[in-house]
Every structure is written in C-alpha cells, then in structure tokens.
Asker: 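Handing you this structure, nothing more for now.
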Amino acid sequence: MTDTHDTNLPDKPVELEEDKKTAEVSEPATTETPAEATLTDKPAESVQKLTKEEILNKLKEIATDVENAAKSEIDGLKQAFYKLHNSEQEATKKQFVENGGAIEEFVPQADALEEEFKNTMSVIKEKRSALNAEQEKLKELNLQIKLSIIEELKELVESPEDANKNYTEFKKLQQQWNEVKIVPQAKINELWKNYQLYVEKFYDLLKLNNEFREYDFKKNLEIKNHLCEAAEKLADEPDVVSAFHQLQKLHQEFRDTGPVAKELRDEIWARFKAASTTVNRRHQQHFEALKETEQHNLDQKTVICEIIEAIDYSELTNFASWENKTQEIIALQNKWKTIGFAPQKMNVKIFERFRKACDEFFQKKGEFFKSLKEGMNENLEKKRALCEKAEALKDSTDWKATADELTKLQKEWKTVGPVAKKYSDAIWKRFISACDYFFEQKNKATSSQRSVEQENLEKKKAIIEKLTAIDETTDVEEATQQVRELMKEWSGIGHVPFKEKDKIYKQYHSQIDKLFERFNISASNKKLSNFKSSISNIQEGSPQALYRERDKLVRACENMKNELQTYENNLGFLTASSKKGNSLLTELNRKVEKLKGDIELVKQKIKVIDNSINEAE
C-alpha cells in the first residue's frame, strides 16, 4: 500500500541533521532544484553538427515553450551558434589578409542571423525570468500550505483519544501534503523533519488492528525495496548526470511512500541511503573532473594572455620584427582555438582579456606602419633621385671619374632607408641596371687587360700545383703554414680570363677543401678563408659587385638575427609552460648555437668586403 503517510526514516532526528550536512547522505530536493543547474555548460555533441539556421530554428521553437526547455540545452545552442559565427568571421578575416588587406584594417561584416539570434535569446530570457518569478511565488505559497498541514497533524497527534476517529482526516492531510510539490530549497529539510515527526507520532498512537497495520507496512516495504533496487542499479548508469536526476525522482517516491514496521525503518533507510551515496559521489566526481579540466584550460589561456601582454614594443623597430611577432600572435590565436572552455564565471573575462591584448598589438602595428609608410615615401623619392643621377652617368666615357662617382652613389644608396615592398625590387633594378651598364661598357673598353689576366691565370695554376704537392708526409704545422701563404698569394693575384674564372676557381677550392679536411682546420676558418680568396672573383666584371655582395650579406645577417630572436623567444615560452620534455629544448638550443656561429661568419665576411672596398679607394 502506498499510503501517503510518513516515510521509513527512523525516529532519531540526529540522522536528519547528518543528512543535511553531506551531499551523498541527504535526500536531494529534486523538485526544488532546476535540472539545468547541475548540468555542464558544454554543448552536446549533436548540437555541434547543426548549422546556424538550424540552431536559430531550434531556439525559436524553445521560445514558444520555454517552461519545458532546459537551461543546458539553451546554453549549448548559444555556444554552438557563436562558435560557427566566430569561425565564419575568422575565415573572412583570413581571406581579407590573403587578398592583400592589412589585418588591422579588417572590419567584420554584419550578420543578419546574429541579430535575429539575439532577439530570440532576449525573448527566451524574458520568458524564463517570468517563469522563475512565478515559480518563486508558487514555492512560497506551497510553504504556507505545508506549514498549515503540519499544524493540523500536530493537532491530531495531541488528541490521541480520537486517533482512530481521526484516521480519515490524517489520510486526507497526507494526500494534500504529497500533492504540494516545490517549496523554497532552504526550508525542505526543516519541513520534512517536522512532518516526519508528527506522522510517526500519529502512527505510534493510532490504534488500528494489527492485521491492517501489518498489511500496510508490508506493502510499503515492497515498494521501498523496489526503490532501493532501482537506486542501486543507477551505480552502473553510464550517464552520471542522468543517474543523479533519476535518483532525485526515486527520493521523491521514497518520501511519498508510507512507513514500514518500526524495527525495519533504520535498515531500509540505510540501504537506500547507501545507494544514494554511491550515485551522489559519482555525480560529484564527474563535475570535479570537469572543473579541473576547465581550470587547466584557464591556466593555459592565462599564459597566452601574459605572453601577448609582455611584448616589448620598443624592440619592434622594423618590418621584419613586426612580421615575426605577428606570426607569433597568429600562432597563439590558433593555439587558443584548440583549448576548451574555462570555468563559466571566467570564460568571458579571459576571452575579453585575450581580445584586448590582441587588439592592442594590431593597433600599435597599424600605427607603426602608418608612420613607416610616410618614411618609406620619402626614401622612395631619394632613391629615385639617385637613379636619375646614375642614369645620367651611364653613357659617360670618363671611366675613372665616372666610376668614382657611381661608387659614391652606391654608398649613398646604402644610407637611404627601406621603401615599400611593392617598389623595392623595381627601384633597385633601375639603379643597379644603370650602374651595370656603365661598368660593362668600361670593361669592354679596357680589353687590353686580357694579357695580364692570362698571366694571372698561369700564376694561379702554379699555386694549384704547389697545393697539390703538399701530401701526407708533410709536417702538419708546416703544411698549414704553406697553405695559408699560398692562399694569401692567391688573393693577391688579379683577375683571370672570364671564361676560365669558374674552372680555375673550382680547381683551387677543391684542393683547398682536401687540405683543410686532411689537416682538420675548422670549418668556419675554412669558409672565411675561401671567401677571402674569392674576393677578386666577386669584383671581376664590375666594382659594384662587392656592394651587391655586401648588401646580400647584410640582409642575410638581419634574417638570421630575426630567426635567432624567434628561437630564443620560443625557448623562453617552452621553459615557462611546455611539458614536451628536454628533446625539443635540446634541438632548439642546437639551432640557436648554429645560428650564432653563422651570424659571426657573415659578420666576418662583411668585414672582409669593407676592407677590400677601403683598399680600393
């Protein structure tokens, strides 16, 4: 019999106090706790597959029946919509940049669906607020009704002489109690404790015949055993959130079922409470794991914000440094997209912090390039003037004076800053073409030097023969000294015939490489020595070749410096937050050391060219 009188809770109020203290022991107030309050704020996997239009249609359906919609479903649809919306904006921005637009000039396009989405969400929010207010009023009304029922039960208990006569009234009050559902959360345990007290007192006083009481207790015991079995099965339910909410319904049924024999009350309640504890603990552990994951996500996103906020803008003084830093920011933005949600109360705040840091970077970048553009326009005018001067001299036959004048123009060119990339190659080609034309004409006019070049060829062949004669029997120190003297002698010899230049140079360096390898002379010294010996070949054809070679080396040096800075930044970042182990750090350190050596070698080559230019002057 499922009488609506008292549950099987024991007569000891102290157990109710313990139930009140621990989540896994207490009887959760299902009807007073909205289901969505305990759900994660992550959208369901099926929601992620919807389009923006489908999401909007679902929300419109929810807006017509808000009271039957879960908050988790609404939040899931909202997050899925904005994920699609943000992806579209990122794709549009990427296309804008690929088409040549500056990222700081990108303006997101208006989205009509987003406006309709916001209106629909506003309607849902207003309706939910109204429902919540109505529910709070209902809870207060129900509280007064239940307090009134308890008072009436109290009167029945205090009139024991009329207990049998009042049994019908007692059953009526129990029915009324069960029909009244939700009350304020804070009053649930207190209400139930008082209700339980007077129900048990009434039954203890009730003088029904033993056969009726035993039958009533037996039926209630069967029901409660069934509820215990159902609660115990929930321990194996894969969906811990669903299991938790099913348990709340079982608790309500347990309460609504009448008492069992007094000697079995403690036992049946202990069984049901033990099953409840298992389900509640799984539910708690599930959300603790979610909370830990979200905190880890927050930590990662905080590190990204700190990296961007720590940028020293005073170090970003040229196009290359800004471009390298921009690539780092884009990489961090891509990394951000792979990180999941942060805790709900921090999710919006950490994103606003991240967006503010990124916006500040691109704003400063825009300001820098605006000022740089003005300077580049001035540099372009200066270089055009130099082109005009070079073009005015290219047909001159005053070889010595004109060569000196063009050399001065080339030096002046080096002092002028950069121009816009779209003009850089064209203006340089215009300038160097004028210079090359003059020096080509000059070379043709000085063909008498060919006999000298032939003599130089013979001298260089003789040096190669001497290098070949150095074999393994030669003392290492003596051989090294001979090689250095012969290399110095080679460098002092002038030009050879142009058609023989590459061949003789290849033979010379082939032999030098063998000797360097045999006597284990360092690779850097070898490269530098080879470079020194090749200076004459670089100059051959036109003196400005040295300037071109120097300009190429300077650009290479700057690129390596920027690459070195990127590696060193990555090292700092990995040290602060990476957990990939020592292998990646070791590889980066190796690259850093190699770059430093390469930079030093390039600097030495530039120094060699500068010395050659000074000697020529």
Side-chain angles (χ1 to χ4, degrees), residues 33-52 54-56 58-59 62 66 69-93 108 111 113-115 117-126 128-129 132 239-241 244 283-310 329-362 573 576-577 579:
T33 306
E36 63 268 27
T38 60
L39 293 177
T40 175
D41 62 337
K42 308 298 184 294
E45 183 178 353
S46 59
V47 174
Q48 304 285 15
K49 298 178 181 179
L50 299 178
T51 64
K52 287 168 62 178
E54 290 171 337
I55 292 172
L56 184 57
K58 277 187 171 290
L59 286 170
I62 289 174
V66 171
K71 182 176 183 298
S72 59
E73 181 183 9
I74 297 171
D75 289 346
L77 290 168
K78 178 180 177 181
Q79 292 174 6
F81 181 89
Y82 274 109
K83 185 174 182 181
L84 293 172
H85 174 76
N86 293 336
S87 296
E88 291 175 359
Q89 293 293 343
E90 287 297 324
T92 304
K93 183 190 292 184
D111 187 346
L113 281 180
E114 183 187 17
E115 188 64 30
F117 170 84
K118 289 180 178 178
N119 293 336
T120 304
M121 289 297 296
S122 178
V123 171
I124 293 173
K125 183 177 179 181
E126 290 175 4
R128 284 182 63 84
S129 296
N132 288 337
D239 188 341
V240 295
V241 176
F244 175 79
H283 182 259
Q284 183 179 2
Q285 291 171 348
H286 169 73
F287 281 97
E288 285 176 352
L290 282 179
K291 183 177 180 181
E292 183 178 349
T293 300
E294 290 175 346
Q295 183 60 46
H296 178 64
N297 294 340
L298 176 60
D299 292 341
Q300 292 187 75
K301 290 184 173 182
T302 301
V303 169
I304 291 177
C305 290
E306 290 172 349
I307 291 173
I308 299 175
E309 291 166 349
I329 298 298
I330 292 174
L332 290 172
Q333 289 176 332
N334 291 333
K335 174 65 176 176
W336 181 282
K337 295 175 185 177
T338 67
I339 302 173
F341 292 100
Q344 189 172 19
K345 65 180 181 180
M346 290 299 297
N347 203 47
V348 174
K349 291 182 180 179
I350 194 65
F351 177 73
E352 288 177 349
R353 179 181 175 184
F354 173 68
R355 183 172 59 185
K356 179 181 178 183
C358 291
D359 288 347
E360 181 182 5
F361 172 81
F362 287 109
F573 176 67
S577 59
K579 296 182 179 178

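Atom set for the values below is all heavy atoms of this structure, side chains included, hydrogens, waters and symmetry mates excluded.
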Asker: Find out whether Trp336 and Ile350 are in side-chain contact, i.e. whether some heavy atom of one side chain is under 4.5 Å from a heavy atom of the other.
Answerer: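 The answer is yes, as the side chains (C-beta and beyond) meet within the 4.5 Å cut-off.
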
Asker: So, taking the atom named CG in Leu56 and the one named CG in Leu50, what distance separates them when rounded to the nearest 0.5 Å?
Answerer: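 Taking CG in Leu56 and CG in Leu50, the distance rounds to 11.5 Å.
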
Asker: To the nearest 0.5 Å, how far apart are CD1 in Ile304 and CD in Gln333?
Answerer: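 Between atom CD1 of Ile304 and atom CD of Gln333 there are 10.0 Å.
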
Asker: Above 12 or not: heavy atoms from other molecules or residues under 6.0 Å from CD of Glu292?
Answerer: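 Count not over threshold, so no.
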
Asker: Heavy atoms only: give me the nearest Gly340-Lys301 pair and the separation to one decimal.
Answerer: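 Here Gly340 and Lys301 meet closest at O-NZ, 3.2 Å.
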
Asker: Check Glu114 with Lys118, please: is the shortest side-chain N to carboxylate O separation under 4.0 Å?
Answerer: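 Salt bridge present between Lys118 and Glu114.
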
Asker: Does the side chain of Glu306 reach to within under 4.5 Å of the side chain of Arg353, using non-hydrogen atoms?
Answerer: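 Glu306 reaches Arg353 side chain to side chain.
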
Asker: How long is the gap from CG on Asn119 to CE on Met121, to the nearest 0.5 Å?
Answerer: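 Rounded to the nearest 0.5 Å, the CG-CE separation comes to 11.5 Å.
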
Asker: Do side-chain atoms of Asn347 reach the backbone of Ala342 as a donor and acceptor pair under 3.5 angstrom?
Answerer: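 Checked: pair present.
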
Asker: Just by distance, with hydrogens left out, do Asp299 and Gln295 show a side-chain donor and acceptor under 3.5 Å apart?
Answerer: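 The criterion, which ignores hydrogens and geometry beyond distance, is satisfied for Gln295 and Asp299.
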
Asker: For Arg128 and Lys71: C-alpha separation, side-chain torsions, deciding distance, then whether side-chain contact (heavy atoms from CB on, under 4.5 Å) applies.
Answerer: CA-CA 9 Å; Arg128 284 182 63 84; Lys71 182 176 183 298; 3.6 Å; yes

Asker: Going from CD1 on Ile62 to CG on Leu77, what distance comes out if it is rounded to the nearest 0.5 angstrom?
Answerer: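 With rounding to 0.5 Å, CD1 (Ile62) is 5.0 Å from CG (Leu77).
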
Asker: With sequence neighbours left out, what residues match Phe362 under ring pair (Phe, Tyr, Trp, His ring centres under 6.0 Å)?
Answerer: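 Listed in chain order: nothing, the list is empty.
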
Asker: Indicate yes or no for a side-chain donor-acceptor contact from Asn297 to the backbone of Phe341 under 3.5 Å, with no hydrogens or angles considered.
Answerer: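 Yes: the side chain of Asn297 pairs with the backbone of Phe341.
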
Asker: Do you know the tightest heavy-atom contact between His283 and Val241?
Answerer: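 Shortest heavy-atom separation between His283 and Val241 comes out as CD2-CA, 4.2 Å.
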
Asker: Hey, is Glu73 close enough to Lys58 for a salt bridge, meaning N to O under 4.0 Å?
Answerer: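 No, this pair does not count.
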
Asker: Find the distance between CZ (Arg355) and SG (Cys358) and round it off to the nearest 0.5 Å.
Answerer: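 Result: 10.5 Å between the selected atoms.
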
Asker: In Å, rounded to the nearest 0.5 Å, how long is the span from CD of Glu288 to OG1 of Thr293?
Answerer: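 Separation between the atoms: 12.0 Å.
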
Asker: In terms of ring plane angle, is the pair His85 and Tyr82 parallel, tilted or perpendicular, where the classes change at 30° and 60°?
Answerer: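 Judged by the thresholds at 30° and 60°, the geometry between His85 and Tyr82 is perpendicular.
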
Asker: Looking at every heavy atom in both Leu332 and Ile307, which two are closest together, and how far apart are they?
Answerer: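 Heavy-atom minimum between the residues: CD1-CG2, 3.8 Å.
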
Asker: Any heavy-atom pair between the side chains of Phe244 and His286 that's under 4.5 Å?
Answerer: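 His286 does not reach Phe244 side chain to side chain.
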
